[in-house]
J.: 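Encoded as structure tokens, here's the structure I'll be asking about.
These numbers come from the heavy atoms of this one structure, side chains and all, not from hydrogens, waters or symmetry mates.
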Amino acid sequence: AHTWTMKKLHPWHSQQLWHPRPLGVGLRGRPGTKLLPSTGCVSSHRLNVETAPQLQGSQSDRREPLLDGSGTEVARTPRHRSLSLPTVSPPPDLQDALKRLFSRHPVKARTLDGQVLAKHLLSRRAPCRAEESQRRKGELRVVSGSPWSDKPKHDFTETVQSVIRYGKREAIAYAASRLQACYGATLRVFSEIGRHVPSFRPETLMDFGSGLGTAVWAADQLWGSSLYEYHCVDSSQEMGDLARSLRAGGEEVDPELNPFVKLKETIPGVHFRQYLSVSNKVQYDIIVAAYTLGDLPSENLRRLSIASLWKKTKHFLILIEPGNWAGFHNIIKARELVLNTSWNSSDDREDASSENSHNGYVFAPCPHDMSCPLSTDSSVPCHFAQRVQLALSERNTSLKHRGFRIENFSYVVLRKGERPEHEEVGQARLIQPIKRRSRHLVCKLCCPNGEAAQVVLTKSKHPELYKQGRQSEWGDLLPYDDSGIRLTESKEPTQTEL
């Protein structure tokens, strides 16, 4: 689906140019992107953290020197680089494997199953606590007063969340509905680490709740030259077999007929297991749990899993959940558990004898280690957005006119060690889309002092911040210094002001 626009030229030009423009995509492209006529998506090239800083430096070197009134050269403010990515599509090898995989299954069945599974995963709520369950049951008995009120037909007070048993059918439905979204959100978080720490070269990675291995594909796109060992943990053997089939180009894997079959996989060094190891002797440079905490049945199991993952972390622990209240609460609880637990006073002999400290800090998105200001005083959960390619179950919906979908996700990146003084100090995170108005910007920021403030950047009072804000997007960082440039705090703008 394309719309055609004609570019008007001067009368002395004898030729007129026609430019295709996919619906939902502007004419102004971004460097390093290309348009796909079949889907209307923007496909990002393979990310390379080695050449990205060099390219940025070469562009700034070509700029003309800035001189003052006396002719002396003045240092320029470095150009702002947005953390957002263009519309993310899976690698070509993964797309070819998906096509080969889906060719062996009926189109209608996998599309309907994918739609039902995606709707369930994104709309489910977290189970309530035991005391909240008792309170609701008491209110139900008092209000109804009927004989059957003690045993309601639909018990909405469960303290244990229902668990999805992923068989072969559920794994195919997940690949048809959620693979592109999980890959896009994971790649977005990985790219932020590569942007802020370009010298970081991980060698080992652990994916807890690996599913179809989207984190493995995303890490290979960014750090494929240094990573040599991947450990995937998932309780579903069918999901592990399907992930192996995708790495092998879509070939069918049947472990019952030939359990020792060896396939030529696109990404070598991937090992699969069904259970998390109890020992913490083996540590990994990166541990990621993407869309996994919501699948654990109880809060106690989530706390035990997060504590075990943090003890196995060597550098970064990455947690990603859907951008709703259930996912945001899981992220907040995991964040508070890691920051507020005294890990050095553990009774575990193995941990007590270890010289590696388990203390850490929030690397992203929070610019502070205090309690989250949005966990109590906010009507919208803290989440971010990433444009991703349409899944198979979404290509015949209303989203096909756009050519992409927006994946909302909440995440936290925890790093081992102490927060450096020169890192992330004086940086505020844009936690909502910028409202661009005439000669001013309305920004909602998470500040280093632990508060969420809405500020207004004007062109006259904050020229540098205004210029940088015009180039920023949702989720980027802006300079914030209380002692130097003070941002003008504002009340909630009214309808007439906007």
J.: Indicate the atoms forming the closest heavy-atom contact of L122 with N324, along with that distance.
T.: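 So the two residues come closest at O-ND2, 3.2 Å.
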
J.: Test your reading of the model: is there a side-chain donor-acceptor pair from T341 to the backbone of L337, 3.5 Å cut-off?
T.: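 Judged by distance alone, yes, a pair lies under 3.5 Å.
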
J.: Would you list the pairs meeting salt bridge (Lys or Arg N to Asp or Glu O under 4.0 Å) in which at least one residue belongs to residues 176-188, sequence neighbours left out?
T.: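 Counting only pairs at least two positions apart or across chains, the salt bridge (Lys or Arg N to Asp or Glu O under 4.0 Å) contacts touching residues 176-188 are R178-E407, R188-E192.
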
J.: Hey, does L374 have a side-chain heavy atom less than 4.5 Å from the side chain of P381?
T.: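 No, side chains not in contact.
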
J.: Taking the side chain from S308 and the backbone from L304, do they hold a donor-acceptor pair closer than 3.5 Å?
T.: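 Side chain of S308 to backbone of L304: no pair is present.
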
J.: Tell me every residue that passes ring-ring contact (aromatic ring centres under 6.0 Å, His included) with F208, counting only those two or more places apart in sequence or in another chain.
T.: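 Result, ring-ring contact (aromatic ring centres under 6.0 Å, His included) vs F208: none returned.
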
J.: Can you check whether W217 reaches P90 side chain to side chain, under 4.5 Å on heavy atoms?
T.: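 When only atoms from C-beta onward are counted, P90 and W217 do not touch, as no gap falls below 4.5 Å.
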
J.: Starting from the C-alpha separation in whole Å, work towards a yes-or-no answer on side-chain contact (heavy atoms from CB on, under 4.5 Å) for I286 and L227.
T.: CA-CA 10 Å; I286 292 182; L227 281 169; over 6 Å; no

J.: If you take all heavy atoms of Y166 and L117, which pair is closest and at what distance?
T.: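 Heavy atoms of Y166 and L117 come nearest at CE2-CD2, 4.3 Å.
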
J.: Between L293 and K333, is there a side-chain heavy-atom distance shorter than 4.5 Å?
T.: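 Contact flag for K333/L293 side chains = no.
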
J.: I'd like to check the side chain to side chain contact (heavy atoms under 4.5 Å, CB included) partners of R436; sequence neighbours left out, ordered by chain and number.
T.: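 Only I434, L441, R470 meet the side chain to side chain contact (heavy atoms under 4.5 Å, CB included) criterion with R436.
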
J.: With a 4.5 Å cut-off on side-chain heavy atoms, are V338 and R335 touching?
T.: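 No; the side chains remain at least 4.5 Å from each other.
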
J.: Any chance you could lay out the side-chain contact (heavy atoms from CB on, under 4.5 Å) test for C232 and V270, step after step, and finish with the verdict?
T.: CA-CA 7 Å; C232 299; V270 181; 3.8 Å; yes

J.: Between K311 and Q283, which heavy-atom pair has the shortest distance, and what is it?
T.: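 For K311 and Q283, the tightest heavy-atom pair comes out as O-NE2, 3.1 Å.
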
J.: Would you say S84's side chain and E473's backbone share a donor-acceptor pair under 3.5 angstrom?
T.: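 Checked: no pair found.
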
J.: Between A175 and Q180, what is the shortest heavy-atom contact and its length?
T.: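 Shortest heavy-atom separation between A175 and Q180 comes out as O-OE1, 4.3 Å.
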
J.: Just by distance, do the side chain of T292 and the backbone of A290 share a donor-acceptor pair under 3.5 Å?
T.: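 At least one qualifying donor-acceptor pair exists.
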
J.: Can you find a heavy atom in the side chain of L246 that is under 4.5 Å from one in the side chain of L98?
T.: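 The answer is yes; the side chains approach within 4.5 Å.
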
J.: K416 and T313: which non-hydrogen atoms are nearest, and at how many Å?
T.: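 For K416 and T313, the tightest heavy-atom pair comes out as NZ-O, 2.6 Å.
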
J.: If only atom types and distance count, is the side chain of D369 paired as donor or acceptor with the main-chain N or O of V362 below 3.5 Å?
T.: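 Yes; at least one donor-acceptor contact below 3.5 Å.
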
J.: Side chains of Q274 and V233: does their closest heavy-atom pair fall under 4.5 Å?
T.: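 Side-chain contact under 4.5 Å: no.
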
J.: Within 45° of the six-membered ring axis of Y361 and under 6.0 Å from that ring's centre, is NZ or CZ of R419 located there?
T.: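 No, R419 and Y361 do not form such a contact.
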
J.: Any donor and acceptor pair, going by atom type alone, linking the side chain of N340 with main-chain N or O of E336 inside 3.5 Å?
T.: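 Such a contact is found between N340 side chain and E336 backbone.
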
J.: Could you list the residues that satisfy side chain to side chain donor-acceptor pair (under 3.5 Å) with E229, not counting sequence neighbours?
T.: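 Counting only residues at least two positions away or on another chain, E229 forms a side chain to side chain donor-acceptor pair (under 3.5 Å) with H231.
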
J.: Between the side chains of E170 and R165, is the shortest nitrogen-to-carboxylate-oxygen separation below 4.0 Å, so that they form an ion pair?
T.: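 E170 and R165: not salt-bridged.
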
J.: Short question: side chain of N359, backbone of G417 - any donor-acceptor pair under 3.5 Å?
T.: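 Not confirmed, N359 side chain does not pair with G417 backbone.
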
J.: Taking side chain to side chain contact (heavy atoms under 4.5 Å, CB included) as the test, write out the residues that go with S410, two or more places apart.
T.: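 Checked S410 against side chain to side chain contact (heavy atoms under 4.5 Å, CB included); matches are F328, I331, H383.
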
J.: State which residues pass ring-ring contact (aromatic ring centres under 6.0 Å, His included) with Y183; sequence neighbours excluded, sorted by chain then number.
T.: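 Here no residue qualifies.
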
J.: If you define the side chain from C-beta out and look only at heavy atoms, does anything of L276 sit under 4.5 Å from L309?
T.: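 SC-SC contact between L276 and L309 confirmed.
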
J.: According to the interplanar angle, ranging from 0 to 90°, do the rings of F200 and F316 count as parallel (below 30°), tilted (30 to 60°) or perpendicular (above 60°)?
T.: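 Perpendicular.
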
J.: Could you tell me whether the side chain of R302 and the main chain of L296 form a donor-acceptor pair under 3.5 Å?
T.: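 Yes: the side chain of R302 pairs with the backbone of L296.
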
J.: Where do S210 and F272 come nearest, in terms of heavy atoms and distance?
T.: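 Where S210 meets F272 most closely, the heavy atoms are OG-CE1, 4.4 Å.
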
J.: Could you check whether any side-chain heavy atom of C446 comes within less than 4.5 Å of a side-chain heavy atom of Q432, counting everything from C-beta outward?
T.: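 Of all side-chain heavy-atom pairs linking Q432 with C446, none is under 4.5 Å.
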
